Amino acid sequence: MGHKAVCLECYRVENLGLDLTNLHLGKCPLCSNQMIFINHSFRPPKKTDKKKWELVKFMISEGFPFQHVYQEGKSEYYKLESNNYVSYPKTLEEAKEWVVKYKDQRIKN
């Protein structure tokens, strides 16, 4: 388990490990599109599951590359506890509401 490089065109996923000191994200060796960095908590769907990959693309485009997202209204100290993490949505319909609810925790590009 570790951080990942993901191609959102051909759905190739490469494990980068946990040492990010020599991180280099290049082009996908299969389709030559730029790969993107995804948090270690990301569990890629099967390549054939197009609906799940559409959800992945949506979440990333909205600023949620599968980083930890925390419950609302909790103190900064409480955020250090892993039981305060919010689960990512399972469907695109859920995701549309979810990104609005947690918009203050999105990663801005």
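Predicted model only: the values in this text are computed from it and were never measured.
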Tell me whether Lys57 at atom NZ has more than 12 heavy atoms from other residues, nucleotides or ligands lying less than 6.0 Å away. yes
Would the distance check show the side chain of Trp98 and the main-chain N or O of Lys90 forming a donor-acceptor pair, the cut-off being under 3.5 Å? no
Least distance between heavy atoms, Pro89 atom then Leu55 atom: O-CD2, 3.4 Å
Cys31 side, atom SG; Tyr11 side, atom OH - distance, nearest 0.5 Å: 10.5 Å
If you look at every heavy atom in Pro44 and Val13, which pair is closest and at what distance? CB-CG2, 3.8 Å
Sidechain-backbone polar pair: Gln67 side chain, Gln105 backbone, donor-acceptor under 3.5 Å: yes
Can you measure from CG (Leu25) to CD (Glu14) and round to the nearest 0.5 angstrom? 9.5 Å
Can any side-chain N or O of Gln34 pair as donor or acceptor with the backbone N or O of Gly26 at less than 3.5 Å? yes
Does Leu30 share a hydrophobic cluster with Val56, counting links as ILVMFWY side-chain heavy atoms below 4.5 Å and allowing steps through other members? no
Rounded to the nearest 0.5 Å, the CZ atom of Phe58 sits from the CZ atom of Phe64 at a distance of 9.0 Å
Answer yes when Lys51 and Glu54 have at least one side-chain N-carboxylate O distance shorter than 4.0 Å, and no when they do not. no
Note, Pro65 side chain near Ile107 side chain (heavy atom, < 4.5 Å): yes
Run Val69 and Tyr88 through side chain to side chain contact (heavy atoms under 4.5 Å, CB included) and show every step you take. CA-CA 8 Å; Val69 175; Tyr88 270 72; 3.6 Å; yes
Are Ile36 and Leu8 close enough that some pair of their side-chain heavy atoms sits under 4.5 Å apart? yes
Inter-residue atom distance Glu94.CD - Glu97.CD, 0.5 Å rounding: 8.0 Å
With ring pair (Phe, Tyr, Trp, His ring centres under 6.0 Å) as the test, pick out the partner of His3 among Phe37, Phe66, Phe42. Phe37
Lys47 and Trp53: which non-hydrogen atoms are nearest, and at how many Å? CA-NE1, 3.8 Å
Is the shortest heavy-atom distance from the side chain of Met35 to the side chain of Pro29 under 4.5 Å? yes
Of the non-hydrogen atoms in His40 and Lys4, which two are nearest, and what is the gap between them? O-NZ, 3.5 Å
